[in-house]
Amino acid sequence: MPKKRAYWLMKSEPDVFSYDHLVAAKKSTTHWDGVRNYQARNTMRDDMKVGDLVLYYHSNTKPPGIVGVAEIVREGYPDHTQFDPGDSHFDPKSKEDNPRWYMVDLRAAAELPNYVTLDELKANAKLQDMAVVQRGQRLSVQPVTAAEFKEVLKMGGLKASNLP
DNA sequence: GCCAACGTTGGC
DNA sequence: GCCAACGTTGGC
């Protein structure tokens with residue numbers, strides 16, 4: 001039996017790489033480099049599968065919130081920036097034959113007609129357990145349940161039929 | 001293996 | 001710009 005599609009949330013600072021940047025990228029696709037947290041690494045390396053859907057979250061902006069949906073189009077593979085001494089994400093302790101950091105490829109799927117702010121997420125009783133609303137939650141790649149995903153789509157005014 | 005110091009995240 | 005929360009590092 002095929003595994004059920006999973007759902008995730010990924011944070012990005014819009015000044016660095018916004019949802020619009022993703023849409024404008026070649027094939028509306030990008031590689032999600034630069035993650036240097038082991039838990040997020042494990043998720044990308046081990047758990048994200050092609051076809052999984054991602055809530056695209058804008059952090060460090062006013063107001064923070066979910067702007068759109070993306071689709072995983074390539075599963076975990078080594079993040080090349082860890083081997084580049086000129087890159088700000090260079091990791092001198094990582095070896096090419098045993099890479100420490102992984103990334104996935106992401107393609108824009110659909111923008112939410114209504115931006116869903118963090119305040120709105122926090123105010124929704126159905127989303128009290130969602131990772132992103134928890135106090136002190138800094139993880140940039142988080143799991144989302146199917147029910148939470150569906151609720152965010154509803155809040156954002158996006159029909160599931162508009163998704164891949 | 002403990003834990004203080006340090007660095008980063010990210011809301012406010 | 002502040003700072004709480006939290007992850008990582010390194011001395012011991």
Side-chain angles (χ1 to χ4, degrees), chain A residues 6-25 30-48 52-72 75-106 108-109 111-145 147-149 151-158:
Chain A
Y7 301 94
W8 311 97
L9 179 146
M10 295 172 96
K11 296 180 185 175
S12 184
E13 301 190 19
D15 289 347
V16 179
F17 199 85
S18 70
Y19 191 78
D20 283 345
H21 287 125
L22 179 61
V23 170
T30 195
H31 45 85
W32 205 254
D33 60 86
V35 173
R36 295 294 180 267
N37 169 284
Y38 286 105
Q39 203 176 335
R41 185 279 310 266
N42 292 345
T43 298
M44 291 198 293
R45 188 190 57 189
D46 304 333
D47 300 332
M48 287 182 154
D52 285 357
L53 294 180
V54 175
L55 297 174
Y56 200 104
Y57 179 88
H58 279 174
S59 67
N60 234 325
T61 189
K62 219 171 75 174
I66 295 166
V67 59
V69 179
E71 181 184 9
I72 301 294
E75 294 171 12
Y77 63 108
D79 176 347
H80 54 87
T81 63
Q82 69 194 303
F83 304 123
D84 178 359
D87 193 284
S88 62
H89 298 292
F90 176 59
D91 183 349
K93 294 181 190 164
S94 186
K95 301 294 165 218
E96 301 238 15
D97 57 0
N98 185 21
R100 179 177 293 192
W101 304 113
Y102 282 72
M103 60 187 182
V104 295
D105 285 359
L106 214 61
E111 188 165 8
L112 296 183
N114 313 310
Y115 183 68
V116 178
T117 67
L118 179 59
D119 279 348
E120 289 167 348
L121 296 174
K122 284 179 173 171
N124 188 323
K126 293 178 184 171
L127 301 179
Q128 293 311 293
D129 294 330
M130 195 174 178
V132 75
V133 308
Q134 305 308 314
R135 173 181 160 78
Q137 180 53 264
R138 299 188 308 167
L139 202 56
S140 64
V141 179
Q142 310 176 348
V144 171
T145 68
E148 288 163 353
F149 185 85
E151 184 64 18
V152 172
L153 287 195
K154 195 168 133 193
M155 294 170 79
L158 183 68

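In what follows, every chain begins at residue 1, and chains take the letters A, B, ... in the order their sequences are listed. Small disclaimer: the values here were computed from a predicted structure and weren't measured.
For A:E71, the salt bridge (Lys or Arg N to Asp or Glu O under 4.0 Å) partners two or more places apart in sequence, or in a different chain, are A:R107. Scored by the side-chain hydrogen bond (donor to acceptor under 3.5 Å, both in side chains) test, A:E148 finds A:T145 as partners (sequence neighbours excluded). Looking at residues two or more places apart in sequence or on another chain, you find a salt bridge (Lys or Arg N to Asp or Glu O under 4.0 Å) between A:K126 and A:E151. Contacts of A:P63 classified as side-chain contact (heavy atoms from CB on, under 4.5 Å), with partners at least two apart in sequence or in another chain: A:Y115, A:T117. For A:R36, the side-chain hydrogen bond (donor to acceptor under 3.5 Å, both in side chains) criterion is met by A:D79, A:T81, not counting sequence neighbours. Residues that satisfy the side-chain hydrogen bond (donor to acceptor under 3.5 Å, both in side chains) test with A:Q142, not counting sequence neighbours, are absent from this structure. Not counting sequence neighbours, the partners of A:S94 by the side-chain hydrogen bond (donor to acceptor under 3.5 Å, both in side chains) test are A:Q82.
Comparing the end axes of the helix from B:dG1-C:dC12 to B:dC12-C:dG1, each fitted to five base pairs by superposing C1' atoms of four pairs onto the next four, gives an inter-axis angle of 10° (nearest 10 degrees).
Counting only residues at least two apart or on different chains, the side chain to side chain donor-acceptor pair (under 3.5 Å) pairs with a member in residues 9-25 of chain A are A:E13-A:N60, A:S18-A:H21.
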Identify all side-chain donor-acceptor contacts of residues 38-47 of chain A below 3.5 Å with residues at least two apart in sequence or on another chain.
residue	atom	partner	partner atom	Å
A:Y38	OH	A:R100	NH1	3.4
A:R41	NH1	A:R100	O	2.7
A:N42	OD1	A:R45	NH2	3.4
A:N42	ND2	A:Y38	O	3.4
A:T43	OG1	A:Q39	O	3.2

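Using a 4.5 Å heavy-atom cutoff, the side chains of A:N37 and A:V141 are not in contact.
Taking a heavy-atom distance under 4.0 Å as the criterion, the stretch of DNA chain B touched by chain A extends 5' to 3' from B:dG7 to B:dC12.
No engagement by A:K62 is indicated, since no non-hydrogen atom pair under 4.0 Å with the nucleic acid exists.
If A:Q137 and A:N60 are placed on DNA chain C by their nearest nucleotide, the residue sitting closer to the 5' end is A:N60.
For the segment residues 87-102 of chain A, the set of residues with a heavy atom within less than 4.0 Å of an atom of DNA chain B is empty.
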